[in-house]
2 protein chains.
Amino acid sequence: MPSGAQKRQPKYQRIAAALKEAIAAGQYGPGDRLPGESELMGTYGVARMTARQAFAALQAEGLVEARKGAGVFVREFKVGLRRRGIQRLAVEVWGAGGSIWAADGHGRDPQVEFLGVSEKPAPAAVAAALGLPAGAIVRVRRRRFLLDAKPVMVATSYLDAALTAGTAIAEPDSGPGGIYARLADLGRKPVRFREEVRSRMPTPEEADGLGLTSGTPVVLVCRTAFTADGHAVEVNEMTLDASAYVLEYEFDAP
Amino acid sequence: MPSGAQKRQPKYQRIAAALKEAIAAGQYGPGDRLPGESELMGTYGVARMTARQAFAALQAEGLVEARKGAGVFVREFKVGLRRRGIQRLAVEVWGAGGSIWAADGHGRDPQVEFLGVSEKPAPAAVAAALGLPAGAIVRVRRRRFLLDAKPVMVATSYLDAALTAGTAIAEPDSGPGGIYARLADLGRKPVRFREEVRSRMPTPEEADGLGLTSGTPVVLVCRTAFTADGHAVEVNEMTLDASAYVLEYEFDAP
DNA sequence: AAGTGGTCTAGACCACCAC
DNA sequence: TGGTGGTCTAGACCACTTG
């Protein structure tokens with residue numbers, strides 16, 4: 001150890017940095033178990049809470065994952081779900097080549113779980129986006145996307161309840177081509193889309209619903225679909241496990 | 001206190017939930033100071049570390065911000081920097097000598113801080129994306145974007161060093177229209193773009209460079225620019241303060 | 001059954017901020 | 001200067017996972 005160590009750095013940060021370095025050096029690979037709290041106490045001669053703080057720092061960074069009763073493990077990023085916003089709408093692809101982040105994902109098992117349709121008063125922002133009066137009734141469709149039986153996304157779709165009454169959009173199975181085909185049947189074919197992308201830490205409820213370990217943000221994608229005459233017909237709010245997705249947008253210079 | 005309270009929920013979570021509820025109810029607004037650790041100790045009859053854990057939970061959620069020596073405050077989200085992935089790259093914008101960054105800010109004070117140009121061996125992924133042999137030398141331009149004197153983004157641009165030698169791209173000031181205009185001068189006008197978007201928690205270095213408070217993720221945007229003949233001429237890796245940005249992509253159905 | 005992380009207590013000294 | 005959060009100690013009991 002270099003003698004020039006800065007005394008100003010807290011012990012837990014030095015321990016965290018040492019662990020991080022060991023991980024970066026490949027001494028611990030994805031899925032490997034790190035030395036436990038009691039082992040760190042002995043190795044560094046610190047109290048237990050100090051060792052825990054070191055782990056907490058690594059967890060907050062998303063590098064490490066603690067499993068009750070088992071140990072602390074280097075996180076493995078199964079990642080590589082690639083969501084193309086433009087070429088094909090809401091189509092999940094994996095293993096697409098030619099990109100910066102290599103995505104290996106063969107033999108994955110994607111599923112869609114239907115969570116229900118209902119009618120509710122529109123949230124203010126949704127009503128505004130759809131051009132409906134405040135408090136108008138909207139149809140709400142909720143779905144959850146799973147990869148290898150693990151949830152990676154929750155999507156909530158909002159549509160004018162009056163417009164879609166009596167159509168397959170009000171049913172669990174929206175039929176071949178999905179709700180966009182049904183909207184086309186109604187003469188409201190979506191031809192233009194806007195997606196707004198944000199990221200933040202999940203609420204405890206979101207973390208629970210997506211099975212997120214701490215240190216994992218969510219990505220929020222809000223897609224609005226417009227008809228040729230410029231009217232919004234659908235708002236779709238998606239909450240993604242940030243560690244599972246790469247969003248891709250490809251376009252020409254206008 | 002209701003007698004039906006679940007005993008299974010840890011104290012710190014109950015305290016955190018109570019504070020969260022008070023914030024949601026408007027009892028504490030953005031920027032307001034919350035009751036301090038010692039006050040929580042008295043109110044709930046807990047040890048200091050328990051009160052701290054409650055705050056830690058809210059910090060991890062990005063709801064709250066602790067300031068040394070001052071207190072714990074409800075975070076204020078000044079947010080709303082809107083980055084348009086498609087329209088912003090319009091030829092009219094950079095072709096006319098205007099700054100792309102100017103399309104971002106609205107009435108506030110945007111600044112670009114130049115961090116340097118250099119030549120380095122390309123990271124493997126960058127070399128592959130640019131179609132260069134492994135270890136080829138690339139020109140690296142680093143910039144930091146500030147809004148109201150606070151950093152919100154760091155951008156690192158990679159270009160073929162041989163191609164750009166002797167041009168303004170190798171200089172701190174890349175001239176009117178920026179590097180895209182210079183690439184056009186070289187007969188390598190970018191006409192197509194791909195952006196890949198990810199999000200994760202920042203490394204300590206990134207958090208430091210962007211002045212992020214804990215509980216704030218970063219958004220990574222990797223843009224690749226292609227010429228008309230399909231060759232990649234630039235890779236630009238951007239690291240954004242997730243709490244400051246909304247990315248927007250608007251496009252027609254294929 | 002042994003070991004692990006999760007929760008909790010009751011102290012301590014420090015650096016920093018506001019008054 | 002007094003109060004704040006940041007760091008650290010040395011114990012304790014618990015629920016959980018694993019062998």
Side-chain angles (χ1 to χ4, degrees), chain A residues 5-19 28 31-76 204 207-208 211-216, chain B residues 5-19 28 31-75 204 207-208 211-215:
Chain A
Q6 331 171 23
K7 217 30 180 174
R8 293 263 60 86
Q9 192 180 29
K11 288 183 185 179
Y12 78 92
Q13 283 183 17
R14 311 244 282 105
I15 298 172
L19 289 170
Y28 304 101
D32 284 359
R33 186 180 175 281
L34 292 171
E37 293 172 355
S38 47
E39 190 168 342
L40 286 192
M41 291 168 67
T43 304
Y44 294 95
V46 296
R48 187 171 168 221
M49 287 308 293
T50 305
R52 281 183 64 76
Q53 243 187 310
F55 281 137
L58 297 182
Q59 282 183 68
E61 220 178 302
L63 257 176
V64 133
E65 181 180 0
R67 290 203 281 271
K68 217 185 338 187
V72 180
F73 300 81
V74 180
R75 257 180 84 175
E76 26 193 354
D208 195 59
L212 302 176
T213 81
S214 75
T216 306
Chain B
Q6 331 171 23
K7 218 35 179 172
R8 294 264 59 88
Q9 192 180 29
K11 288 183 185 179
Y12 80 92
Q13 283 184 16
R14 314 242 281 103
I15 299 173
L19 289 171
Y28 303 101
D32 285 359
R33 185 179 175 283
L34 292 171
E37 293 173 354
S38 48
E39 189 168 345
L40 286 192
M41 290 169 67
T43 305
Y44 293 95
V46 295
R48 185 169 170 224
M49 286 309 292
T50 304
R52 278 182 67 75
Q53 244 187 309
F55 281 137
L58 297 181
Q59 282 184 67
E61 221 178 304
L63 258 174
V64 134
E65 183 178 0
R67 291 204 279 271
K68 222 187 331 190
V72 181
F73 300 82
V74 179
R75 257 180 84 174
D208 194 59
L212 302 176
T213 80
S214 75

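Here the structure is a predicted model, which means the values were calculated and not measured. To find a chain, count down the sequence lines: A is the first, B the second, and so on, and within it residues start at 1.
- Across dG5(D), dT9(D), dT9(C), the shortest atom-to-atom separation from the side chain of A66(B) is found for dG5(D).
- Picking from dG5(C), dT9(C), dG6(D) the nucleotide with the shortest atom distance to the side chain of E37(A) gives dG5(C).
- Contact detail for Y44(A) and A18(A): the closest heavy-atom pair is OH-CB, 3.5 Å.
- The distance from atom CZ of F55(B) to atom P of dT7(D) is 16 Å, rounded to the nearest whole Å.
- Between the C1' atom of dG6(C) and the CE atom of M49(B) lies a distance of 13 Å, rounded to the nearest Å.
- Closest to the side chain of K68(B), from the set dT18(D), dC16(C), dG5(C), is dC16(C).
- In this structure, R14(B) atom CZ and dC8(C) atom C1' are separated by 15 Å, rounded to whole Å.
- The two residues R75(A) and G215(A) come nearest to each other via the heavy atoms NH1-O, 3.8 Å.
- Rounded to whole angstrom, the span from the CG atom of L40(A) across to the P atom of dT4(C) amounts to 11 Å.
- For the pair M41(B) CE and dG5(D) P, the interatomic distance rounds to 11 Å; values are reported in whole Å.
- Candidate nucleotides dC8(C), dC8(D), dG5(D) were compared by shortest atom distance to the side chain of R33(B), and dG5(D) ranks first.
- Distance, Q9(A) CD to dG6(D) P: 17 Å, rounded to whole Å.
- For dT7(D), neither phosphate oxygen OP1 nor OP2 lies less than 4.0 angstrom from any side-chain nitrogen or oxygen of T50(A).
- Within the shown strands, nothing qualifies as a pairing partner of dC19(C) under the Watson-Crick or G-U definition with both distances less than 3.5 Å.
- Among all heavy-atom pairs drawn from R33(A) and G71(A), the shortest one is NE-CA, 4.0 Å.
- Atom CG of L34(A) is separated from atom C1' of dT4(C) by 13 Å (rounded to the nearest Å).
- Of the candidates dG6(D), dC8(C), dT4(C), the closest approach to any side-chain atom of S38(A) belongs to dT4(C).
- Looking at the side chain of A70(A), the nearest of the listed nucleotides dT17(D), dT4(C), dT9(D) is dT17(D).
- Between the P atom of dG6(D) and the CD atom of Q53(B) lies a distance of 14 Å, rounded to the nearest Å.
- Side-chain to base pairing of R48(A) with dT7(C): one donor and one acceptor N or O lie within less than 3.5 Å of each other.
- Here R67(B) lies in heavy-atom contact (under 4.0 Å) with sugar-phosphate atoms only.
- Inter-residue side-chain proximity for V74(A) and L34(A) is flagged as met; some heavy-atom pair is nearer than 4.5 Å.
- Two residues are said to be in side-chain contact when any heavy atoms from C-beta on lie closer than 4.5 Å; L40(B) and L19(B) meet this criterion.
- When the side-chain nitrogen and oxygen atoms of R52(B) are compared with OP1 and OP2 of dG6(D), one or more of them lie within a distance under 4.0 Å.
- Among the protein residues, Y12(B) comes within range of the sugar-phosphate backbone only, with heavy atoms under 4.0 Å from sugar or phosphate atoms but none that close to a base.
- Toward the 5' end of DNA chain D, the nearer of the two residues G69(A) and K11(A), judged by each one's closest nucleotide, is K11(A).
- Smallest separation of non-hydrogen atoms from L58(B) and A16(B): CD2-O, 3.8 Å.
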